[in-house]
Colleague: 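Next up is a structure, given as structure tokens.
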Amino acid sequence: MDSQQLDHLISCITDQKFQVLAITMRFTAARVSEARQLVWGCVGEEEILLPKNSTKGKLASRVIPVNPLCIGALEEWRHQWAATYKRPPRKTDPVFPGASMDRPVTRQRFGQVLADAAARARLTGVSSHSFRRSALSASSASGTPLADLRTLSGHRSLQTLQVYLQTSDAAKRRAAMRFA
């Protein structure tokens with residue numbers, strides 16, 4: 001999905017909590033399982049820590065520098081969170097609480113919200129992984145070295161990372177025009 005499609009999809013999510021979860025996934029290339037488990041202590045002014053215990057394989061933590069749009073959305077959500085739960089969030093509180101305030105929202109619940117938003121947006125083939133794939137593809141298309149993307153995404157190999165990367169017809173054409 002391109003940037004405009006992502007904007008449209010996110011605008012079709014009607015609940016602010018889930019909208020900010022989608023924004024977080026979009027601008028961190030985090031898996032839904034990583035983003036949904038964030039606690040407020042992991043959200044900094046310019047970066048987000050994805051702790052080892054929430055990452056795939058639980059092998060290593062990742063620190064992701066984050067787009068100011070994402071940080072702004074998280075800060076707005078922090079204020080709404082405090083109003084909703086009648087107190088400021090503690091460092092150990094889930095950023096995206098589920099039915100119980102002390103546990104994060106489930107992948108399944110986010111999947112339902114995303115499916116509803118995709119239907120409203122008239123987009124097909126949307127999944128929670130669309131944000132990760134789109135983020136990594138867009139960064140690659142803008143010239144980010146694959147080694148840097150591998151570090152940010154948490155992939156163990158470049159080969160695995162490359163499975164995610166999509167290229168546009170325009171990008172293929174530009175590349176072909178550079179052939180010697």
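Here the structure is a predicted model, which is why all the values come from computation and not from measurement.
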Colleague: Could you tell me the separation between the CZ atom of F131 and the CG atom of L114, rounded to the nearest 0.5 Å?
Modeller: 5.0 Å

Colleague: Do R120 and D116 make a side-chain contact, defined as non-hydrogen atoms from C-beta onward lying under 4.5 Å apart?
Modeller: yes

Colleague: Going through the checks in order, is the side-chain contact (heavy atoms from CB on, under 4.5 Å) test met by R62 and E34?
Modeller: CA-CA 10 Å; R62 297 195 317 272; E34 296 167 337; 3.0 Å; yes

Colleague: To the nearest 0.5 Å, tell me how far Q19 CD sits from E76 CD.
Modeller: 9.5 Å

Colleague: Side chains of L21 and V105: does their closest heavy-atom pair fall under 4.5 Å?
Modeller: yes

Colleague: Check this for me: does any side-chain nitrogen of one of D7 and R26 sit under 4.0 Å from a carboxylate oxygen of the other?
Modeller: yes

Colleague: Any sub-3.5 Å donor-acceptor pair from S134's side-chain atoms to M1's backbone N or O?
Modeller: yes

Colleague: Hey, does P65 have a side-chain heavy atom less than 4.5 Å from the side chain of E46?
Modeller: no

Colleague: Is there a side-chain contact between V66 and V43 in this structure, where contact means two heavy atoms from C-beta onward sitting under 4.5 Å apart?
Modeller: no

Colleague: For V63, what are the other residues in its hydrophobic cluster, where any two members join if their side-chain heavy atoms are less than 4.5 angstrom apart?
Modeller: L49

Colleague: For a quick test of reading the model, state the closest non-hydrogen atom pair linking V95 to W77 and the distance between them.
Modeller: O-NE1, 2.7 Å

Colleague: Compare all side-chain heavy atoms of R87 with those of W81 and state whether any distance is below 4.5 angstrom.
Modeller: yes

Colleague: Tell me, do R31 and R36 make a side-chain contact under 4.5 Å, heavy atoms counted?
Modeller: no

Colleague: Report yes if the side chains of K17 and P97 come closer than 4.5 Å at any heavy-atom pair, otherwise no.
Modeller: yes

Colleague: Can you confirm whether Q37 sits close enough to F96 that some side-chain heavy atom of one is under 4.5 Å from a side-chain heavy atom of the other?
Modeller: no

